[in-house]
Every structure is written in C-alpha cells, then in structure tokens.
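Remember, it's 1-based here, ligands and their atoms both numbered in the order they're listed. For reference, positions follow the sequence shown, starting with 1.
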Amino acid sequence: MKSPAFDYIRARSVAHALEAYRDLDGEGVYLAGGHSVVPSLALRLQAPAALIDLSGIDALTGISLDDGWLRIGSMTRHAEIASDPLIRDHARLFHLAAPHVAHPAIRNRGTVGGSLSLADPASEFPAVALALRAELEVAGRDGIRRVKADDFFLDIYETAMEPGEILQAIFVPPVRTGEVCAFDELARRRGDYAMVGAAVQAVVEAGRLADISIAFFSVGNKPTRAGAAEAVLRENAMNDTAIAAAQAALDADLDPSDEPQMPASVRRHLARVLLGRLLGHLGTTA
Ligand SMILES: Cc1cc2nc3c(=O)[nH]c(=O)nc-3n(C[C@H](O)[C@H](O)[C@H](O)COP(=O)(O)OP(=O)(O)OC[C@H]3O[C@@H](n4cnc5c(N)ncnc54)[C@H](O)[C@@H]3O)c2cc1C
C-alpha cells in the first residue's frame, strides 16, 4: 500500500518542532529514524497532516559524560549505541542490547529516542532504560522535565509524555564499584522481536546481588521490573537455591497474556529459563 499524502517539516530546533506540532493542532507526527512511523503510514494505520523531522536538531544528538551521568541524545542511532565507547563503558546494557535490535539496515536509521517514545513492549531499549534506572528528559510547551524510566512506560505504546512532547535525551546514572550486568533474549531467529527478553544490573556485595534491577520485555503490555525476584536476590547469597527462588518469584512479577501463537504458561517458562541463564552469567562475571 502507498502512504497517504502528508506535508514534511524539517525542524531546526526543539522549539521549532514544538511550535510546528502545536500549529498542526494534533495532526502532526514526529519523525526520527522512521522505521516505525513509515511502515505505519504505508499500512495506513495513521494519516498525519505532516511529519515533523527531528533529525536536523543538534540538541537531540551527542553522547557525553557530565558529573558521572551519561547523556545520550535521543537521535542517537541504534548502530552508534552498539559501537560508542562511552556507552560501552558507562551504559553497558545498551551496548549489549543493541545488536539484538532488528537488522543492520534498521539499526543504521532507528534511534534510541524513537524506540523509547514508541514504547513497544517487545522492544529491547525500554527494558534496558528500566534496568539502568535511567532518567528521560522531555521537552514540552511548559519547559523541560526529567522522568524516571520506572514512571515513563505506562502501557502498550503509551508513555508519560503528553501529546506533542519531545524526548530530548536519556540520562544514565554513574557506574558504581562492583557493578555487573547481563542482557539476553530468546527469539525464534536472530533479529526477530524476542519471545522473552531481560536486562539485569546489580552491585556485587559480600556474595549478594545488592541493588539489583531486573527488567523483562515481551512479557506483558510494557517493560516490567521483576520486583519479587529482585527482593529474593537482594536478601540471599547468590547460589543455586537463591536462583531457583528468584525464578519461582517471577510468577508474581510477570503477567503475560495467552496468545494463539504462545500460551502464557510457555512465556512464563521461557522467562524462568532466561533469568537462570542471566544470573548464571552474572555469577561467573562477579
Ligand atoms: C523489520 C523491522 C524489525 C524491527 N525489529 C525491532 C526489534 O527487534 N527490536 C526493536 O526494539 N525495534 C525493532 N524495530 C523498530 C526499530 O527499532 C525502530 O527504529 C524504532 O522502534 C523506532 O525508532 P525510530 O527512530 O525509527 O522512530 P520513528 O519510527 O521515527 O518514530 C517512532 C515513534 O516515536 C515518535 N518519536 C520518535 N522520536 C521521538 C522523540 N525524540 N520524542 C518524541 N516522540 C518521538 C514518533 O512520532 C513515532 O510515533 C524494527 C523495525 C522494523 C521495520
């Protein structure tokens, strides 16, 4: 199918993009890498009056360190996320997750900001932002605010951003001494959306995984912290018994729906298997 006709506006600044969106009276759509927007136009899932291109806005680019926090501009492409040394050293989960996102052609255009704004529950980066306890900088008509990743993802394709707001940057907290992390997903084929995936980060302290965060994706309507499993691992020394208890605790944490191609019981099983693998990996790197 062909896209419906639309105007194209190349925004010069965040203020220009916000103004263009306001002038379109709800009929504008921001364009980042276009790898979700453009297919949705071709499928006629939406018919905006205009696309407002964010790719010429310098303020949305760049990767830099400020007082230990890593700032990642929202227009950073998936391929840069995979290769940038600052991301490898200061936001390692993004580095580990990026090669799992789609295929090289998509990673060359798709942006981290587009992925987080879209909030597809099957996407890797929203779960990574949760596990990293990142903060998301959002610009709107009333100024700029920072939203914790825990409060950002509300439901399927729904975030805490108001219509017309722009995700400017992702801020990742400073790396702590003894920090370890692991990322993996189970997909039918490399490059496919995952059947189940998870990102884990913790600080190793006296044989325990202190301050652990576990974020699952593709298991429910939004990326999900596994709070009950985290509590088991925070409170017990890391050994086979603790891993088994954390796997069992996932029943309380995850609420996958029954789907014709995959019953909820299978997804729960895959989540337990994946958590076991990730914790085993942390055990060997700790
Ligand atoms: C064949 C195929 C396979 C894919 N596989 C995967 C996969 O395995 N894992 C995965 O995570 N993704 C996958 N994707 C999606 C891909 O990663 C997209 O690039 C990504 O989801 C959206 O990023 P984008 O930059 O292309 O955003 P766009 O498509 O340009 O925009 C996506 C949405 O976010 C909004 N938006 C974009 N940037 C901002 C911003 N800064 N502030 C506010 N709103 C904004 C847009 O208005 C739009 O609603 C796949 C895509 C394709 C086509």
Side-chain angles (χ1 to χ4, degrees), residues 3 6 8-11 13-14 17-18 20-21 24 26-43 45-62 72-82 94 97-129 136-141 144-145 147 152-153 156-170 183 185-197 199 215 217-218 222-223:
S3 299
F6 54 85
Y8 171 84
I9 300 166
R10 186 168 168 83
S13 64
V14 171
L18 292 170
Y21 186 92
L24 285 159
E27 297 295 318
V29 165
Y30 294 128
L31 174 71
H35 271 69
S36 296
V37 164
V38 173
S40 79
L41 297 182
L43 292 168
L45 295 174
Q46 54 182 346
L51 291 183
I52 305 164
D53 188 353
L54 304 178
S55 64
I57 304 178
D58 287 345
L60 304 183
T61 63
I72 307 171
S74 64
M75 281 301 296
T76 304
R77 312 275 174 193
H78 303 336
E80 284 176 86
I81 297 275
F94 271 123
H100 292 270
V101 179
H103 304 283
I106 291 155
R107 294 201 288 271
N108 286 339
R109 292 294 306 165
T111 67
V112 65
S115 176
L116 299 181
S117 303
L118 186 66
D120 182 334
S123 279
E124 287 81 359
F125 289 158
V128 165
L136 308 176
E137 185 183 78
V138 173
R141 289 162 67 170
I144 293 172
R145 64 196 174 103
V147 184
F152 189 79
F153 303 103
I156 184 163
Y157 300 120
E158 190 185 335
T159 73
M161 283 195 293
E162 298 294 333
E165 284 190 318
I166 293 174
L167 177 59
Q168 296 202 126
I170 299 100
F183 178 94
E185 65 182 41
L186 301 172
R188 288 193 173 86
R189 293 170 307 186
R190 184 91 187 177
D192 279 6
Y193 280 101
M195 297 180 287
V196 172
F217 58 98
S218 264
K222 58 178 187 169

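A 4.5 Å side-chain heavy-atom check between F125 and I81 finds at least one atom pair inside the cut-off. At least one side-chain heavy atom of Y21 sits less than 4.5 Å from a side-chain heavy atom of P163.
Listed for the R107 side chain is a donor-acceptor partner under 3.5 Å among the backbone atoms of V101.
The nearest pair of heavy atoms linking V29 to Q46 is CG2-OE1, 3.7 Å. Scanning both residues, P48 and L41, for their nearest heavy atoms gives CD-CD2, 3.3 Å. Here the closest non-hydrogen pair linking H35 and I106 is CD2-CG1, 3.4 Å.
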Give every pair made of an N or O atom of ligand 1 and a protein N or O atom lying under 3.5 Å apart, one pair per line with both atom names and the distance to 0.1 Å, or write 'none'.
{"residue": "ligand 1", "atom": "8 (O)", "partner": "A102", "partner atom": "N", "Å": "3.1"}
{"residue": "ligand 1", "atom": "9 (N)", "partner": "E124", "partner atom": "OE1", "Å": "2.8"}
{"residue": "ligand 1", "atom": "11 (O)", "partner": "S123", "partner atom": "OG", "Å": "2.8"}
{"residue": "ligand 1", "atom": "11 (O)", "partner": "E124", "partner atom": "OE1", "Å": "3.1"}
{"residue": "ligand 1", "atom": "12 (N)", "partner": "Y193", "partner atom": "OH", "Å": "3.4"}
{"residue": "ligand 1", "atom": "14 (N)", "partner": "Y193", "partner atom": "OH", "Å": "2.9"}
{"residue": "ligand 1", "atom": "17 (O)", "partner": "H78", "partner atom": "NE2", "Å": "3.0"}
{"residue": "ligand 1", "atom": "21 (O)", "partner": "S36", "partner atom": "OG", "Å": "3.2"}
{"residue": "ligand 1", "atom": "25 (O)", "partner": "G33", "partner atom": "N", "Å": "2.8"}
{"residue": "ligand 1", "atom": "25 (O)", "partner": "T111", "partner atom": "N", "Å": "2.8"}
{"residue": "ligand 1", "atom": "25 (O)", "partner": "T111", "partner atom": "OG1", "Å": "2.7"}
{"residue": "ligand 1", "atom": "26 (O)", "partner": "G34", "partner atom": "N", "Å": "3.1"}
{"residue": "ligand 1", "atom": "26 (O)", "partner": "H35", "partner atom": "N", "Å": "2.8"}
{"residue": "ligand 1", "atom": "29 (O)", "partner": "H35", "partner atom": "N", "Å": "3.3"}
{"residue": "ligand 1", "atom": "29 (O)", "partner": "S36", "partner atom": "N", "Å": "2.8"}
{"residue": "ligand 1", "atom": "29 (O)", "partner": "V37", "partner atom": "N", "Å": "2.8"}
{"residue": "ligand 1", "atom": "30 (O)", "partner": "A32", "partner atom": "N", "Å": "2.8"}
{"residue": "ligand 1", "atom": "30 (O)", "partner": "G33", "partner atom": "N", "Å": "3.3"}
{"residue": "ligand 1", "atom": "30 (O)", "partner": "G34", "partner atom": "N", "Å": "2.8"}
{"residue": "ligand 1", "atom": "41 (N)", "partner": "L167", "partner atom": "O", "Å": "3.0"}
{"residue": "ligand 1", "atom": "42 (N)", "partner": "L167", "partner atom": "N", "Å": "2.9"}
{"residue": "ligand 1", "atom": "44 (N)", "partner": "S117", "partner atom": "OG", "Å": "3.4"}
{"residue": "ligand 1", "atom": "47 (O)", "partner": "Y30", "partner atom": "N", "Å": "3.4"}
{"residue": "ligand 1", "atom": "47 (O)", "partner": "Y30", "partner atom": "O", "Å": "2.6"}

